Amino acid sequence: MTRVVVVGAGSNGLVAAIHLARAGLDVEVLEHGPGPGGASSSAELTLPGFVHDRHAGFNPITMVSPAMRELDLRVDWVNPPTPMAYPLPGGTAIALERDVEATAASLEAAGRGAGDGWRRLMARTVPNAERLGALFLGRLPPVRAAAVIALALRSEGLEMARRAIGSVEALGREVFAGADGPMAWLASSAQHSGLPPGAAGTGAFGLLLHVVGHSHGWPFPRGGMQVLADELARLAAEAGARVRCEARVERILVRRGRACGVGLAGGEELGADAIVTTVSARPLAAMLPDGALPARLMHRLRVWRYGTDAFKADYALSGPVPWTAPEARRAAVVQVAGELRELARAGDQATHGEVPDRPALVVGQHTLFDETRAPAGRHTLYVYAHVPSRPAMDDEAIAERMEAQLERFAPGFRALVLARTLRPARETERQNPSLVGGDLAGGAYEIDQLAVFRPAPRLCRGRTPLRGLYVAGASVHPGGAVHGMSGRAAARALLADRRLRPWRPWARPAG
C-alpha cells in the first residue's frame with residue numbers, strides 16, 4: 001500500500017489526508033502543535049471558560065469552497081444576520097447585512113447614491129457567489145470556472161474581471177461615486193489581505209467577502225474554530241488516516257532523485273512513498289537538501305516575501321463592547337479605521353515598516369451570538385491589526401494604540417477588560433513556524449505572488465519537480481483562509497500520478 005506523510009494538520013493538510021485515505025492510501029499526518037488545526041484552532045487564552053480563536057475567526061470563504069462544500073461536515077454554524085459593521089466618525093456606522101436591501105439603505109444613509117450603486121452591483125454577483133468562489137479559489141488555469149462565470153454574467157463578465165484585478169479603492173470610487181464612508185466600508189474588508197486599499201488585486205478581496213456576506217454570511221463554528229479542526233480530523237481518522245501531534249518535521253529526506261521520507265526533531269525518521277507538505281515557502285526550502293529542486297525554484301522559495309504581522313489581542317470582558325453606533329453592537333465583525341484616508345494611511349504605514357498611528361482593526365464579537373465561548377454574562381473579544389513583523393515599538397505600546405482606536409468608537413471599552421493576552425509576531429511564529437513574521441496569509445498578496453506565481457508556476461497546482469513531493473498550504477494558490485483547496489489539489493495530483501481514482505463526494509468513504 002502506498003504510504004503518504006502529510007506535514008501539517010491545518011485545514012489543507014487534513015483535507016488532503018481525507019482525500020488520500022478515502023482513496024485507499026496509508027496516510028499519516030504530522031503536526032508540530034499540540035492538536036490539529038494549525039491556524040484554525042482555539043483555546044482558553046485569557047481566563048478559564050473564555051474560548052478564543054487563535055488565528056482564523058470567521059468562515060465566509062469556507063462556505064463557498066468546493067473542497068469544504070463536498071465534505072459532510074458536522075458543524076453547528078452560527079450565522080449572524082449582520083456579518084459586519086464599519087463605524088464612522090460621528091457615531092454612525094455602515095452595516096453589511098445578509099439582506100442586500102438593508103445594506104443598500106445603510107450605504108445610502110452614508111452617501112447619496114451609494115445604495116443604488118450597491119444594488120446594481122449585487123444584482124448579478126450575489127446569485128453567482130459560488131461560481132465566483134470557484135473562480136478565485138479553483139484550479140489554474142481557471143478555464144472552466146471562467147467560462148461558467150462569463151456565461152452567467154454575459155457582457156458584464158469582462159467588467160467584473162477588470163474590477164477584481166484593480167484596487168478596492170478604485171472599485172469603491174466607481175460603485176459609490178466617491179462617497180468616502182461607503183468606500184471605506186468596502187475597503188475595510190480588503191485589509192484582510194494585509195495590503196493598503198490602493199494596491200492592485202485588493203478589489204477581488206473586498207468584492208468576494210461582501211458578496212459572500214450576502215449569499216452565505218460570515219459564519220463561525222459554535223464553540224470555537226477548534227470544532228471545525230476537530231471535525232476535519234475526525235473525517236480523516238474515519239477514512240483511516242492517523243494524526244500525530246507534537247511531531248515537528250525538520251527535514252524532507254531525498255534519495256535517488258525522489259522524496260522518500262521525513263526527519264523529525266529528535267532524530268526520528270519516517271519513510272514514505274510520497275509527501276504532502278503544507279508549510280509556507282521559506283520553511284519548506286529550509287527542510288529540503290541542496291539540489292532537491294532546481295536552483296531558480298529553490299531561490300524563489302528562499303526569497304519569498306511575507307506580509308505584515310497580524311498582531312493579536314484577545315480579551316475577556318465583563319460585558320459587550322459599548323460601541324457608539326448601534327449597528328456595531330449587533331455585528332459579528334466590526335472593522336475599525338475611520339475615514340478612507342485613515343484606513344489607507346494605516347495600510348501604508350504597516351507595509352512600509354511603521355506601526356500605524358491609528359491601526360486598522362478587525363474585531364470579532366463571537367459571544368454576542370455564541371454563549372458557549374464565555375461564562376454567563378461575560379464576553380470574549382477578538383482583535384487584530386496589521387503591523388510590521390519587527391516593529392520598532394514594544395507590545396504594550398502597540399496594544400495601547402489598538403485600544404485607543406477601540407475607545408475612540410466605543411468609549412468605556414477599557415473598563416470592561418477582565419484579562420488580556422497579546423500575540424506578537426515572534427509568539428505566532430514560535431507556536432507555528434510556518435507563519436513567518438506573523439503573516440497568516442503565508443506570503444504577501446502582491447500581484448507577483450498570486451495565481452500561477454503562488455509560489456511559482458511549477459508549484460501552483462500542487463506538484464513539484466521532485467518526485468514524490470507535493471505542496472499545499474497558504475503559500476500555494478489560492479493562498480490563506482480556511483478553504484482546503486490547495487490540500488485537495490495536492491491530493492488529486494498525487495492520486496493522478498499514482499493512477500489512482502480520486503475520491504468523489506458521492507462515493508462511499510472507505511470503511
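Just so it is clear, the model here is predicted, and its values are computed rather than measured. When a residue number appears, it is its place in the shown sequence, counting from 1.
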**Request:** Verify whether one side chain among Asp370 and Thr372 offers a donor that lies under 3.5 Å from an acceptor in the other.
**Result:** yes

**Message:** Whether Glu130 and Arg69 form a salt bridge (side-chain N of Lys/Arg under 4.0 Å from carboxylate O of Asp/Glu) is what I want to check.
**Reply:** yes

**Prompt:** Do His32 and Gln431 get their side chains close enough for a donor-acceptor pair, meaning under 3.5 Å?
**Reply:** no

**Prompt:** side-chain contact (heavy atoms from CB on, under 4.5 Å) with Gln365: which of Val333, Leu381, Thr380?
**Reply:** Leu381

**Prompt:** Is it true that a side-chain atom of Ser167 and a backbone atom of Ala199 form a donor plus acceptor pair closer than 3.5 Å?
**Reply:** no

**Asked** Would the number of heavy atoms belonging to other residues, nucleotides or ligands and lying under 6.0 Å from CZ of Arg242 be above 12?
**Response** yes

**Message:** Tell me whether Phe369 at atom CZ has more than 12 heavy atoms from other residues, nucleotides or ligands lying less than 6.0 Å away.
**Reply:** yes

**Asked** With distance as the sole criterion, is a donor-acceptor pair present between the side chains of Glu371 and His379 under 3.5 Å?
**Response** no

**Request:** Verify salt bridge (Lys or Arg N to Asp or Glu O under 4.0 Å) between Glu31 and Arg248, making sure each step is shown before the conclusion.
**Result:** CA-CA 6 Å; Glu31 167 58 34; Arg248 178 172 181 172; over 6 Å; no

**Asked** Would you say Glu250's side chain and Met287's backbone share a donor-acceptor pair under 3.5 angstrom?
**Response** no

**Message:** Checking side-chain contact (heavy atoms from CB on, under 4.5 Å) between Val243 and each of Val27, Leu232, Leu14, which is the one that passes?
**Reply:** Leu14

**Basic-acidic side-chain contact under 4.0 Å: Asp497, Arg499** = no

**Asked** Do Tyr445 and Phe205 have ring centres separated by under 6.0 Å?
**Response** yes

**Request:** Kindly determine whether Ser486 and Asn12 satisfy side chain to side chain donor-acceptor pair (under 3.5 Å), including the steps that lead there.
**Result:** CA-CA 6 Å; Ser486 63; Asn12 281 297; 2.9 Å; yes

**Message:** Under 4.0 Å between a side-chain nitrogen and a carboxylate oxygen: does that hold for Asp290 and Arg302?
**Reply:** yes

**Request:** For this output row, return yes or no: ring centroids of Phe58 and His366 closer than 6.0 angstrom.
**Result:** yes

**Message:** Using modelled atom types and a 3.5 Å cut-off, is there a donor and acceptor pairing between side-chain atoms of Arg22 and backbone atoms of Gly240?
**Reply:** no

**Message:** Whether Asp448 and Arg305 form a salt bridge (side-chain N of Lys/Arg under 4.0 Å from carboxylate O of Asp/Glu) is what I want to check.
**Reply:** yes

**Message:** Looking at Arg373 and Asp53, is any side-chain nitrogen of the basic one under 4.0 Å from a carboxylate oxygen of the acidic one?
**Reply:** yes

**Message:** Please list all pairs meeting side chain to side chain donor-acceptor pair (under 3.5 Å) that have one or both residues in residues 71-81, counting only residues at least two apart or in different chains.
**Reply:** Asp76-Arg222

**Message:** If the threshold is 4.0 Å, N to carboxylate O, is there a salt bridge linking Arg244 and Glu268?
**Reply:** yes

**Message:** Check this for me: does any side-chain nitrogen of one of Asp309 and Arg426 sit under 4.0 Å from a carboxylate oxygen of the other?
**Reply:** no

**Request:** Output the distance between atom OG (Ser389) and atom OH (Tyr306), rounded to the nearest 0.5 Å.
**Result:** 11.5 Å

**Prompt:** When Lys312 is tested against each of Arg423, Arg54, His55 for side-chain contact (heavy atoms from CB on, under 4.5 Å), which residue passes?
**Reply:** Arg423

**Item:** Electrostatic pair Glu70-Arg488, nearest N-O below 4.0 angstrom
**Value:** yes

